[in-house]
Student: 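Here it is, the structure, as structure tokens.
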Amino acid sequence: MNRKQFFRGVRTGIPISLGYLAVSFTLGITAKNAGLSAFQATLTSLLVNASAGQYAAFTCMAALSGYLETAIIVGVTNARYILMSCALSQKLPASAKLWHRMVIGFNVNDEIFGMAIAEEDKLNPYYYFGMMAIAMPGWALGTFLGTSVGNILPGSVVSALSVGLYGMFLAVIIPASRKSKIILGVVILSMAASYVLTVLPLTAAIASGTRTILITVVLSALAAVLFPVKEAEEADA
């Protein structure tokens, strides 16, 4: 069963890996402009695997920011992963071992998280491992290529590659939205709230990552209170 779930995760992770390959290409260019070698940038992608956090870190390096400032900026940028980890901890079965949780915690990111949460039943850790096994090398390879040959490509091509991730997000949220009116409503409200917070003078100055966290916490809490999901045991009672 675990072997079957692992290879199912690999199949699910193939389009994620291809999307990562395209998007991390621009990350590699950012890393090179910050003075990192191809080896250093690729190692960063293998150990961190956090798009916005890496962009923030490389930008700080390029600006010669201090360690504390860099740590705070990257911490705020990656704070959403705390929320995702909490959600995944509830999605895992009680039989999941500590090392399962630790390996999953090593690579919590938006696309793999979306596919994991979309599972109707409890999340099999090996399904998650399969997605990691194919997606992480794609992210690292794209970073390596971007660092090595990124500046050779025209700017229009690089810009086109960077929008691939948005298509992946749509592929994650559309199927779930079609199945559930509640999810559809939350998605629409989150988009509207994101736009409103961007244009309002009081919130426009807030970092985009912080706005995302605020929207996520408020809307997910409201949805959980107003439309709680019944556990399988309760549904069978």
Side-chain angles (χ1 to χ4, degrees), residues 2 5-6 8-10 12-13 16-17 19-20 23-24 27 44-57 70-140 165 168-169 171-173 176 180 182-183 186-187 190 193-194 206-225 227-229 231-232:
N2 290 338
Q5 289 293 326
F6 178 85
R8 186 171 76 92
V10 170
T12 301
I16 297 177
S17 181
Y20 281 177
V23 175
S24 62
L27 176 68
T44 301
S45 285
L46 284 173
L47 296 179
V48 180
N49 201 240
S51 56
Q54 287 177 262
Y55 275 112
T70 301
I72 293 174
I73 292 175
V74 174
V76 171
T77 304
N78 287 340
R80 70 186 187 280
Y81 296 130
I82 299 175
L83 305 178
M84 295 181 187
S85 298
C86 292
L88 284 174
S89 69
Q90 302 300 309
K91 188 70 175 178
L92 288 168
S95 59
K97 300 179 181 178
L98 177 60
W99 73 268
H100 291 159
R101 299 176 183 272
M102 293 180 68
V103 172
I104 290 175
F106 173 72
N107 188 50
V108 177
N109 54 51
D110 303 309
E111 294 73 29
I112 296 181
F113 168 81
M115 298 308 299
I117 291 297
E119 289 286 279
E120 294 184 0
D121 299 320
K122 289 292 186 179
L123 174 65
N124 187 303
Y126 287 86
Y127 174 64
Y128 200 99
F129 299 161
M131 290 190 286
M132 287 176 56
I134 190 68
M136 290 180 65
W139 184 258
L165 196 59
M168 294 174 58
F169 279 124
V172 170
I173 65 175
S180 172
I182 297 174
I183 295 178
V186 172
V187 169
S190 65
S194 179
I206 301 176
S208 59
T210 303
R211 290 199 301 267
T212 300
I213 293 172
L214 290 174
I215 294 170
T216 301
V217 170
V218 173
L219 291 184
S220 61
L222 287 174
V225 172
F227 309 101
V229 177
E231 294 289 344

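Scope of the values below: all heavy atoms of this structure, side chains included, with no hydrogens, waters or symmetry mates.
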Student: Mind checking the OH-CD1 spacing from Tyr127 to Ile104? Nearest 0.5 Å is all I need.
Tutor: 12.0 Å
Student: Going by atom types only, do Gln54 and Thr44 share a side-chain donor-acceptor pair under 3.5 Å?
Tutor: no
Student: Taking side-chain contact (heavy atoms from CB on, under 4.5 Å) as the criterion, tell me which of Arg101, His100, Lys122 meets it with Leu92.
Tutor: Arg101
Student: Can any side-chain N or O of Tyr128 pair as donor or acceptor with the backbone N or O of Ala116 at less than 3.5 Å?
Tutor: no
Student: How many angstroms lie between atom CE of Met115 and atom CG of Leu123, to the nearest 0.5 angstrom?
Tutor: 11.5 Å
Student: Does the pair Val48 and Val74 meet the rule for a side-chain contact (heavy atoms from CB on, under 4.5 Å), with working shown?
Tutor: CA-CA 11 Å; Val48 180; Val74 174; over 6 Å; no
Student: Would you say the side-chain atoms of Ser24 pair up with the backbone N or O of Leu27, donor to acceptor, closer than 3.5 Å?
Tutor: no
Student: Could you report the tightest heavy-atom contact between Asn107 and Met136, atom names first, then the distance?
Tutor: ND2-CG, 3.6 Å
Student: Out of Met131, Arg80, Met84, which residue meets the side-chain contact (heavy atoms from CB on, under 4.5 Å) rule with Phe113?
Tutor: Met84
Student: Restricting to non-hydrogen atoms, name the atom on Val23 and the atom on Tyr55 that form the minimum distance, rounded to 0.1 Å.
Tutor: O-OH, 3.6 Å
Student: Are a donor atom and an acceptor atom from the side chains of Tyr20 and Asn109 found within less than 3.5 Å of each other?
Tutor: yes
Student: Can you tell me how far the CG atom of Asn49 sits from the CD1 atom of Ile112, to the nearest 0.5 Å?
Tutor: 7.0 Å
Student: Is Lys91 reaching over with its side chain to a backbone N or O of Ala118, donor-acceptor style, under 3.5 angstrom?
Tutor: no
Student: Side chain of Ser17, backbone of Ile134: donor and acceptor closer than 3.5 Å?
Tutor: yes
Student: With sequence neighbours left out, write down each residue that passes ring pair (Phe, Tyr, Trp, His ring centres under 6.0 Å) with Phe6, or none if nothing qualifies.
Tutor: none
Student: Given Trp99 and Phe106, is the ring pair (Phe, Tyr, Trp, His ring centres under 6.0 Å) satisfied, shown in steps?
Tutor: CA-CA 11 Å; Trp99 73 268; Phe106 173 72; over 10 Å; no
Student: I need the minimum non-hydrogen distance between Ala57 and Thr70, along with the two atoms involved.
Tutor: CA-CG2, 4.4 Å
Student: Locate the shortest heavy-atom distance separating Ala193 from Ile215; write the atom from each residue and the value.
Tutor: C-CD1, 3.9 Å
